[in-house]
K.L.:
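The structure that follows is given in the form of structure tokens.
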Amino acid sequence: MASLLTLRLNHLPITAVEFITDAVVLVGSGCSLIAYDTQTRTKVGTLAALSYARIHGITCLEPNQPTDNTHHAVVFGSKAWSVVDIGVSAGGELSMELVHRYAARDWIKSAHWVYDQGRDCWMVALALAHNRVVVCDPASGAVVYSAQCAEHCILYAAAFFGATLETLVMASGTVFNQVLLWHPLLESGDSDHCTDSPVTSRLCAHDGVVFGVHFSRDGALLASVSDDRTLRLWDTRAAGDSQPLATLFGHQARVWKCLVLREYLVSASEDGTCRVWQREGGEAVNSWRQGRKNVWALAANRSESLVVSGAADGSICVWALDAMAGRRVGSTDSLAAWNVPPEATYLPEGVAPRAAEHIRSFAMGPSASSDDMLAIMDSGCVLRRRSAPDLDQGSWRLEFYMAELAGYSMACSTLDGQVTAVGMRDGSVLVLVGSEDGVPMIRQIKHVHAASVSHLAFSSESALAYDLITMDADRRVIWSRISLSGPFAWTVLAEFRLPGRTRMATAAVSPRAGWLAVGSQNGGLYVFDLPASLRHPADSSAEVPVLDLAAHWPKIHGEYEVTSVVFETWKPGFAVASMDGGSGPNKCTLLTGARDGMMLRFALGTWRPLADTGAGSTEHERLGVLANTCAAPDSAPRVAYIERLASERLTPGSLCRLLHLGSRLYAMTYRRNRLVLLDVSSGTELFSHAFAETDRRWRLRYTGGGSVLVGLMNKLEVLHRHAPLHDESTCYRLAEGISSLDIRAADSICVPEMGCGGVLVAVAGEDGVLRLLVYGGGLRPVAQARRHTSVIRCVRFLSPVGGQEGRFRFLVTAGAGCELRCWRVDTEDAVSVLEWAVAPCFANDTEARIMDLVIVDQEIEAQTGHPVVLIATAASDASVRLWRLDLARHEFVCIAQDAQHVHNSCVLSLSAFRMGCSADSGQGQSFLASGATDGRLVFWDIARHVAEYCAATEDLRAAPVDIGPPAIIINDIHQSGVNSFDVQVVDGMRVLVASGGDDNALAVCELERDANLGVLVLRGQVRRCESAHASSVQQVVFTGPNTVCTVATDQRLARWNIGVNALDDDTSGIAMVDMAFTQVADPSVMVMLPKDPCTGNACLLVVGIGVEIFDI
Amino acid sequence: MGKSSKDKRDVYYRLAKEQGWRARSAFKLLQVDEEFDIFRGVTRAVDLCAAPGSWSQVLSRELQKNRQEGQEPPQIVAVDLQAMAPLAGVTQLQGDITKLSTAEQIVSHFHGGRADLVVSDGAPDVTGLHDLDEYIQAQLILAALNITTHVLRPGGAFVAKIFRGKDVTLLYAQLKTFFRTVHVAKPRSSRNSSIEAFVVCLDYNPPRDYVPNMANPLMDVPYGPENPIVGSNRVIVPFVACGDLRGFDSDMTYPLEISDCEPYQARDPTQMPISPPYKRALEMKRANFYNKAL
């Protein structure tokens, strides 16, 4: 039959990786072999290497002549293998050619090129899962030799060593926790009765199944990884049954793969990380997190300097091992330590010694030389340590002594180290500026504050002008500017009033955008609107203005201290001129970081009312938009807003500081007693050291040249070390991941402004993360958000509010823990997603899971002009509920529920439809249908609720009413759960219902509306295709008149003609038109994508473990 | 989540504790029997991959119940690689089901007789790679089938857990060569969302020329014209949902107080879990190793 279902594109777990050269990486994704160019980081070729099996491994044979550019690769997975020729031309052009596809009689665990001296040709040795070796001719696929290990058991892992048949050794990782080394005693042919080959070494130490084994290049060492979370290293030449040379713990879940390289040991694990150890000594060198779960594949290049890893989420990372090493500082010994000399050596005459002299505060600077340091001692002495090659430990010397600094000093430096400001007890600020000649310029600015200066924060938009924001013990906040363009100048620009008992923890100012933002010690964000005179401050002697709050958002980080406020000045289009010609605040974006480990992104701007909401501000705080509720400035109607755009948890620990250098963002984090400098976009750890992060005893200085200097302060010493910043050429992703865990829900919507074929796809699943992907040519992740605490089971887009051209789209998600949420998607510029509304928990306890939801109706409320939506949910507590979602109020209200619990079992699926839209009834009659684990379909007449929900009466907020008795119940439509069904309305008065069950069946029934009684009646019999699939049918979708597509856990996608004319016939009239295999394991949802306006193609999106799109 | 949260989410987990079963899977075998009457007339039964022993518990209780007056007491042999807590009326055999010696030991327990019923609820620890997990499960079933061909009497029955995955039709094709009827059963106590189901193979009838052989493993058959990868003529066996529809629903979230249950009280599992392979890693975690090492 003509194929009507063809694969268009997919995004699947990466289960095999291999380097061809340093410039070309091959990966296995489903049955496809994909080649990436590591220079351009693009896909350069795709080949269906196996016909339907997933690729589990790739093994290359190096060309034996340097002039020969063809690499022969064996690609294998389950019981299939193929030979692929990969040509890499001198110009870098890549070609992939499938030479042969073969079948093996058992699962292949490993493949190896081996030279047959007798026949003078290369053969392929395959390790089979029943601890057997077959040696095959790559030209014919025939088994030439075979051998069986004496230990008959199942293997999870195998590896070969040896270039010739005579020297071939196999390492078998067994289900019985052992690694067996054996020489296959090869016999001709593929006999079932070959002599058992004895085991030469039995490596026993693992406490669990052995999942991975790997030989070192010389075969002297073997690494193995196991269910017991360990990597063990073995000497393969030790006599007898030996003990491991090393046992390495570190992974927090099962370990799947390992490599033993010249210098390092590398492992990949279920915990979503890869770890690197020194081969000698086994010291942990580094680890990287690739995804939430399961890094399946790992390979090194020939020179063993690069590693490529592939993960369950489809991501592919390439790492330079030497760049990974040296970032994790194991012991203090590897840091340079500068101890301050004894007090007696520097204390000026006549100054009394302190009881316990120590460093109160330190700064890295202030000269141009990169490792200059200043230590402000408790005694009031300021010591300076100048770096010079000939100087040693004793080179601290007294810079000056200031009695006012004794016992109190708060130092803060600019990131370039040029300027250090020290807050003093008497309210003055001491400024130290680096100079060409190395002698710092020292200025004391008196009476900046009336009380002791407790917090200082620098921010700068231009060179030679530094903005300093200071707060004193009385909570007065002052913005001053230090100008170095001419003679040193200090100007106090403004004072800011913080409300109540708020204490500043950090602050930033952007004159360009016209905002000053303060982060408070109790988790709040406070913003001030700079008047025009302050945006381009002239050297004015005018009175210092006192500014009031423009907008604030208390507890945006809960009770956690906000440690950073950063204006995104490096982003193109950072500050957008306001509509009213420059007098109002500009729109701009900023980031905050706090001790809760979160980084939040906000927009600041003038208030654009979505509606006159009337809802309490507390609701808005949680939901993302906060309007100024403070007294408006003199010139009145302007209202500032803070809008939360995105949130991301950078660390499970605490976020100490966000900083940007160039156009990259970095974060200093603290977790589990370890200070870690992160590159935010790649998640790479640049520096990590066990160090108690109290009172900000660390400093950073950007020294240029791609590294930062990290300084750590102890009582009488300063430790420091250069940390290389992120280098795109050493660690990068070849492909982004989508989801490490199963995807359980998907929906799509057309977004015409995203260009031809622009379709936005929302997916969500077991990890509770909502992800947005753009489909157009490929699938590209664009935004994600996590608010659900558990699995998300359903996602539905609302119809566009205000037409297709609108900038915003809304969607609703629901899942375990009774969570039901609405989100707003902003499609302008970069797509972003923001939580918009949360439903109150409805069940008596939160164990109930929402299994499905449908959007029943959507209208504009006549009185207010606001969009209101009617939503139905089905849950595991046997309930069917109707919700009114008011977008303007950010509010879900449950208006009706199935009080009788008609299903009395877990409700799995829902559908809503309207029929009888003909002349007499106008709007038609709305029905809701639900399917449950009891195998029944129940139809509910919800006309009354649809008619009433839109009016915003207070009655709706009262307890939910009964949804009403079922219109009709169809029993035994399936033997067990009705997993999915779809409804097609035929000529307004009849509906076709197609359902798929856990019982492998596809059932079709037809219902008719009796126009006089307004009731539904079943027309004829339920028709059934009992064995539509070999497994549970997960989704049924009408793709055309009388045409449905189904997908099941047997990984088949089928298209059916459900021939309505066959009604009076004896046969079911259900005929399979086409069936295709899908690489998506555990497919859970299938949705129709909006028709591509360019090609006119209709597509089906299948999601599960991975994503596939089929043309239909 | 409190201690009761699993009790709410999983009613059979709770019922198993209340009724003293070692695992909730006991209900699955009981419900398969409700539908297929597999225990009728059974005097000799084998439980493969028996630990923690809930299916042996069911066999022991139900076969005693079925016992006719004056009949010999039923003989039940439970085989597993690992030891399990003793059960009254059940003979335990610690052994590997791929070894001929294990088959011989079973037969010797039956004094040379053959079993009427072989059951297996074994499953590997899944990795998350569905194709690999399904393969390993299939090998487990084929190993169980292989030993079954040594110990089962003609006409006897075989019940085993399967994963209804992408290649399940290959397994069906293999089972159909040994049994006259093969069904796939889904007890209501097995979750709708779970890939697990049970093959119920009745009327053991090996091919005429078949000689039981433990030396070589039984292999799953490849796809072919009789059983293609896709299309409507794949080998699919009839599906039967079993268990009372009015009984409990394993997917439903129940309140703690259920009308036809005894008043709720939190209970510990009947049988504590055995020590996992990552026991040492757990100990190190408790000793704060991972906090220091990272």
Side-chain angles (χ1 to χ4, degrees), chain A residues 15 52-54 78-79 103 105-107 129-130 152-154 192 207-209 226-230 249-250 252 284 287 294 296 312 672-674 844-845 847-849 876-878 905-906 908 933-934 975-977 998-1000 1026-1027 1030-1032 1049-1052 1072 1075-1077 1081-1082 1105, chain B residues 5 8-9 81 96 98 124-125 127-132 135-136 139 164-169 172 184 186 188 192 195 197 215-217 219 222 229-232 234-241 245 249-256 276-281 284-285 289-294:
Chain A
T15 45
Y52 90 106
R54 165 147 63 193
S78 52
K79 296 178 185 176
R105 65 172 187 164
D106 193 10
W107 188 281
H130 284 84
H152 293 239
C153 67
I154 296 272
D192 268 341
D207 297 319
V209 172
S226 157
D227 195 0
D228 68 6
R229 278 66 167 151
T230 64
F249 283 87
Q252 308 234 24
S287 76
N294 286 329
W296 291 125
R672 292 174 164 177
N673 203 31
R674 201 167 252 282
N844 293 331
D845 64 69
E847 298 300 331
R849 312 176 296 280
S876 66
D877 63 351
S905 62
C906 177
L908 297 170
T933 51
D934 58 6
Q975 288 189 54
S976 49
D998 178 54
D999 59 356
N1000 312 348
E1026 295 287 2
S1027 297
S1031 184
S1032 179
T1049 42
D1050 63 0
Q1051 292 183 225
R1052 268 70 167 187
M1072 187 192 292
M1075 187 180 251
F1077 182 80
D1082 204 359
I1105 301 176
Chain B
S5 97
K8 286 186 224 170
R9 272 177 300 162
L81 273 174
D96 182 349
T98 63
D125 274 348
T127 61
L129 282 172
H130 277 56
D131 52 345
L132 176 62
Y135 169 81
I136 297 285
Q139 299 320 301
R164 283 193 292 163
K166 67 186 177 72
D167 293 334
V168 71
T169 63
Y172 292 155
V184 57
K186 181 81 172 178
R188 294 196 190 279
N192 188 74
I195 195 170
N216 287 305
M219 300 301 287
I229 289 177
V230 293
S232 47
R234 299 190 293 149
V235 174
I236 298 177
V237 302
F239 177 95
V240 180
L245 193 52
D249 173 12
S250 55
D251 289 273
M252 187 162 151
T253 315
Y254 286 91
L256 287 175
Y278 46 90
K279 193 171 157 218
R280 175 107 174 79
M284 293 179 73
K285 188 173 185 175
F289 166 78
Y290 293 100
N291 288 356
K292 289 182 202 146
L294 282 170

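Scope of the values below: all heavy atoms of this structure, side chains included, with no hydrogens, waters or symmetry mates. Convention: sequence-line order gives letters A, B, ...; per-chain numbering from 1.
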K.L.:
Under a 4.5 Å heavy-atom cut-off, does chain B meet the side chain of Ala103(A), its backbone, both or neither?
P.N.:
neither
K.L.:
Counting only N and O atoms by type, is there a donor-acceptor contact under 3.5 Å from the side chain of Ser1031(A) to the main-chain atoms of Arg164(B)?
P.N.:
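Present.
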K.L.:
For each of Lys285(B), Met219(B), Lys186(B), tally heavy-atom pairs with chain A at distances under 4.5 Å, and name the one with the top tally.
P.N.:
Met219(B)
K.L.:
Compute whether any side-chain donor of one residue and acceptor of the other, for Asp998(A) and Ser1032(A), lie under 3.5 angstrom apart.
P.N.:
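Yes.
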K.L.:
Counting heavy-atom pairs under 4.5 Å with chain A, which one of Ile195(B), Ile229(B), Thr169(B) comes out on top?
P.N.:
Ile229(B)
K.L.:
Looking at chain B, which one of Thr230(A), Ile154(A), Asp106(A), Asn294(A) has the largest number of heavy-atom pairs inside 4.5 Å, strictly under?
P.N.:
Asp106(A)
K.L.:
For chain B, find which of Ser226(A), Ser976(A), Ala312(A) contributes the most heavy-atom pairs closer than 4.5 angstrom.
P.N.:
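When all of Ser226(A), Ser976(A), Ala312(A) are compared, Ser976(A) has the most.
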K.L.:
Stepwise, does the side chain to side chain contact (heavy atoms under 4.5 Å, CB included) test hold for Lys166(B) with Phe1077(A)?
P.N.:
CA-CA 9 Å; Lys166(B) 67 186 177 72; Phe1077(A) 182 80; 3.6 Å; yes
K.L.:
Is Arg849(A) in contact with chain B via its backbone, its side chain, both, or neither, using a 4.5 Å heavy-atom distance?
P.N.:
both
K.L.:
Checking heavy atoms, do the side chain of Thr15(A), its backbone, both or neither come under 4.5 Å from chain B?
P.N.:
side chain
K.L.:
Between the main-chain N or O of Phe239(B) and the side-chain N or O of Gln975(A), is there a donor-acceptor pair closer than 3.5 Å?
P.N.:
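Yes, Gln975(A) side chain to Phe239(B) backbone: donor-acceptor pair under 3.5 Å.
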K.L.:
Is there a side chain to side chain contact (heavy atoms under 4.5 Å, CB included) between Ser876(A) and Met252(B)? Walk through the geometry before answering.
P.N.:
CA-CA 5 Å; Ser876(A) 66; Met252(B) 187 162 151; 5.7 Å; no
K.L.:
Quick one: of Asp167(B), Thr98(B), Asp131(B), who has the most non-hydrogen atom pairs under 4.5 Å with chain A?
P.N.:
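It is Asp131(B).
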K.L.:
Report the C-alpha distance between Arg234(B) and Asp1050(A) in whole Å, list the side-chain angles of each, state the deciding distance to 0.1 Å, and finish with yes or no for salt bridge (Lys or Arg N to Asp or Glu O under 4.0 Å).
P.N.:
CA-CA 12 Å; Arg234(B) 299 190 293 149; Asp1050(A) 63 0; 2.9 Å; yes
